[in-house]
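Order of appearance sets the numbers: ligands from 1, and atoms from 1 within every ligand. We count residues from 1, following the sequence as given. We use all heavy atoms of the structure for the numbers below, so side chains are in, but hydrogens, waters and symmetry mates are not.
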Amino acid sequence: MRTPSTPRALALAVIASTASAAAASLKDVCTVEYAKSKLPASDFIQGITLDPSSVTTNIVYNASTSADSTFYPAATFSYCNLTLAYSHDGRAGDQVLVQYWLPDPAKFENRYLSTGGGGYAIYSGSQSLPGGVMYGAVAGATDGGFGSFSTNVDAVMLLANGTLNYESLYMFGYKAHWELSKIGKQFTRNLYNMAEKTKLYSYYQGCSEGGREGWSQIQRYGDEWDGAAIGAPAFRWSFQQTQHLYSNIVTQTLGYYPPTCEMEKIVNETISACDSLDGLKDGVVSRSDLCQLHFDLSTLVGKPYYCPAAAASSSAHGPSSAATPVQNGTISKEAVEVAKEVIRGLRDSQGRQVYLSYQTAATFADVTTQYNSTTDKWELSVDGLGAEFIALLLNKNGTDLSNLNGVTYDTLKEWMIVGMQEYASTLQTNWPDLTPFHNAGGKVIHFHGEADNSIPTASSVRYWESVRSIMYPSLSYKDGADALKDWYQLYLVPGAAHCSTNTLQPNGPFPQTNLQVLINWVEKDVKPVTLNATVLQGENVGQNRQICAWPLRPLWKNGKMECEYDQKSIDTWHYDFDGVPLPVY
Ligand SMILES: *[C@@H]1O[C@H](CO)[C@@H](O)[C@H](O)[C@H]1NC(C)=O
Ligand SMILES: *[C@@H]1O[C@H](CO)[C@@H](O)[C@H](O)[C@H]1NC(C)=O
Ligand SMILES: *[C@@H]1O[C@H](CO)[C@@H](O)[C@H](O)[C@H]1NC(C)=O
Ligand SMILES: *[C@@H]1O[C@H](CO)[C@@H](O)[C@H](O)[C@H]1NC(C)=O
Ligand SMILES: *[C@@H]1O[C@H](CO)[C@@H](O)[C@H](O)[C@H]1NC(C)=O
Ligand SMILES: *[C@@H]1O[C@H](CO)[C@@H](O)[C@H](O)[C@H]1NC(C)=O
Ligand SMILES: *[C@@H]1O[C@H](CO)[C@@H](O)[C@H](O)[C@H]1NC(C)=O
Ligand SMILES: *[C@@H]1O[C@H](CO)[C@@H](O)[C@H](O)[C@H]1NC(C)=O
Ligand SMILES: [Ca+2]
């Protein structure tokens, strides 16, 4: 601690010493005066200045989470909600807000947790922060400096048409999280009067964009983290965002815009057909790889589908959907061709593979067409996330592409490669050498729903494989995989959708207790062999399940799950991107 010199500093120091002696309850900790007295020294990170006058605190008693939450179990806990602003030196008008949820001092377990966002948001607030507090961790989140906790980065990414806001880009890319955790960890030590030699365990948890944010830290600041629980990360950014448009271009190229009910029926029938391939008839396709190897979608041609008329709906979050008529027909050859082409993944006009795609039995969210009542036809509906990447970050002059006229497979390839180059150091987030993190003893639990319809499951498999091959180049596949499992484990969650359970496969498990499993691994050296999971809906709700660690795959024999090594299945997850002229990790 620095020697107080001014009367104000002296006064603060007095408050600090009296407060710390009595800092036994949430009430003691949760005051503006106490928090101010415990702020890290204003210059402890070069280039940022904390604003003591910005501190707010309020106690929240008996907050609770429900049993079907995806990222933590049911719990009841009280916490102090503390917010704080800081600025970057030399940037006029700059303000970044951070929020920390502080557990009751009696329940504090020397842990700190950073949490991330989703889509273009860096903050997901109460969807993420409870996971920290319930495990005795201070849980932190940031607004990235984008204006408020409810402002997403896309709202501020353009200063003017043609002019990117590079500060916001870098903050979103990785800088905001580094600052959040640096401040959060020191602040935590001060607030709970931790002795200098007491270890503060540092964790990260996030899914989707929040997963990308987690990897952005592990790839750059290896020694900042003891463990991370990361779901379905939106990394390999330019490929991931552009691939959202691939399904649109498949329909445009094939000249067939399937009614939504037709694609839904294809998915339902695929689930029924592939359910038992994993050895257990439970409505869950736990082996989408066997489904791909053994099920021919063409057999679905001619099956009847029916969906009743639906009124127009508006949603607070997404765009409203127009009214749809009764859909009564039979699955066409054209729709099956759309499905097959989507699953094959993007290839260029010369047939060379450019990117990967969704698993068989995932829904075709990106194919979704819209009904035009004037023409009584189904039309292309441009995927919002894909369009936004092109308009905002490549063209830098809009937030939407209203049509995809003239866009071909080769255009998509070009966008992916141009974006890869332009955003290599910010959003791409697929740096495969994790040596500093590994050397510092870090652990990662990385999971991905096997029926994810927004970020292809194979995207995570590819990254895991990149890390394996870069870090263990001289070991065989199996030996490298085993070595990697000692500190980085990947789990494909049977039947699960994007960072969530899947209503079409309700009996599937979800790894709700990841943070607890990670804590046990980091702090008690309990290395997971399978991933603990729970059925969160349907007739078996509450039951415990285990998930096999990649590259092992589940197979039920006489009702008992085994984790088998199946080279043919593993091979279906790997793509050779011969259409891209340089390595894509
Ligand atoms: C929180 O719950 C506990 C246990 O049920 C109860 O004793 C306490 O009064 C509650 N606190 C508040 C502020 O509601
Ligand atoms: C936390 O504090 C911020 C700033 O005062 C406030 O906007 C937010 O609603 C608070 N959240 C909770 C859960 O109390
Ligand atoms: C960019 O131009 C579009 C119209 O082409 C306009 O709607 C938008 O407001 C402009 N954006 C900025 C940040 O100036
Ligand atoms: C697909 O299955 C779900 C769940 O069983 C059902 O709600 C839906 O109506 C089915 N869709 C079609 C097109 O049959
Ligand atoms: C769908 O169309 C078929 C053939 O036109 C007809 O037999 C069937 O009754 C229709 N189904 C419904 C639910 O309207
Ligand atoms: C429906 O089709 C008509 C005729 O092609 C077109 O003018 C109109 O813009 C379309 N409506 C929507 C909502 O796209
Ligand atoms: C937006 O940017 C793209 C790429 O630079 C350009 O082709 C297009 O004309 C621009 N649109 C507007 C409205 O300025
Ligand atoms: C594993 O999950 C079950 C519920 O399925 C839960 O009761 C148990 O505490 C979890 N184990 C760990 C280590 O989190
Ligand atoms: Ca099954």
Could any protein non-hydrogen atom be found less than 4.0 Å from [atom]?
| atom | value |
| --- | --- |
| atom 14 (O) of ligand 6 | yes |
| atom 9 (O) of ligand 5 | no |
| atom 2 (O) of ligand 6 | yes |

What's the spacing between L515 CG and Y204 OH if we round to 0.5 Å?
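L515 atom CG to Y204 atom OH measures 12.0 Å (nearest 0.5 Å).
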
Among the heavy atoms of K377, does any lie under 4.0 Å from an atom of ligand 6?
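No, K377 has no heavy atoms under 4.0 Å from ligand 6.
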
Flag L280 as yes if one of its N/O/S atoms falls below 3.0 Å of the Ca ion (ligand 9), otherwise no.
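Yes, within the cut-off.
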
Which residue and atom name correspond to the protein heavy atom nearest atom 6 (C) of ligand 5, and how close is it?
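Checked against all protein heavy atoms, atom 6 (C) of ligand 5 sits closest to N328 ND2, 4.1 Å.
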
Atom 11 (N) of ligand 6: the protein heavy-atom neighbour that sits closest, reported with distance to 0.1 Å:
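Sorting protein heavy atoms by distance from atom 11 (N) of ligand 6 puts N372 ND2, 3.0 Å first.
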
Any sub-3.5 Å donor-acceptor pair from [X]'s side-chain atoms to [Y]'s backbone N or O?
| X | Y | answer |
| --- | --- | --- |
| Q489 | A549 | no |
| R468 | A483 | no |
| Q537 | N502 | yes |
| E414 | D410 | no |
| S69 | S66 | yes |

Can you give the angle V284 O - the Ca ion (ligand 9) - D278 OD1, rounded to 10°?
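An angle of 120° at the metal.
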
Could you check whether atom CD of Q127 has more than 12 heavy atoms from other residues, nucleotides or ligands sitting under 6.0 Å from it?
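Check fails, neighbour count at 12 or below.
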
Would Q567 and D571 count as having a side-chain donor-acceptor pair, cut-off 3.5 Å?
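A pair is found: one side chain offers a donor N or O, the other an acceptor, under 3.5 Å apart.
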
Any atoms of ligand 6 less than 4.0 Å from a non-hydrogen atom of T375? List them with their elements.
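Per the distance check, 2 (O), 4 (C), 5 (O).
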
Atom indices of ligand 6 within 4.0 angstrom of E379 heavy atoms, with elements:
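This gives 1 (C), 2 (O), 14 (O) as the contact atoms.
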
Check D282 and report its N/O/S atom nearest to the Ca ion (ligand 9), by atom name.
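Atom name returned: OD1.
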
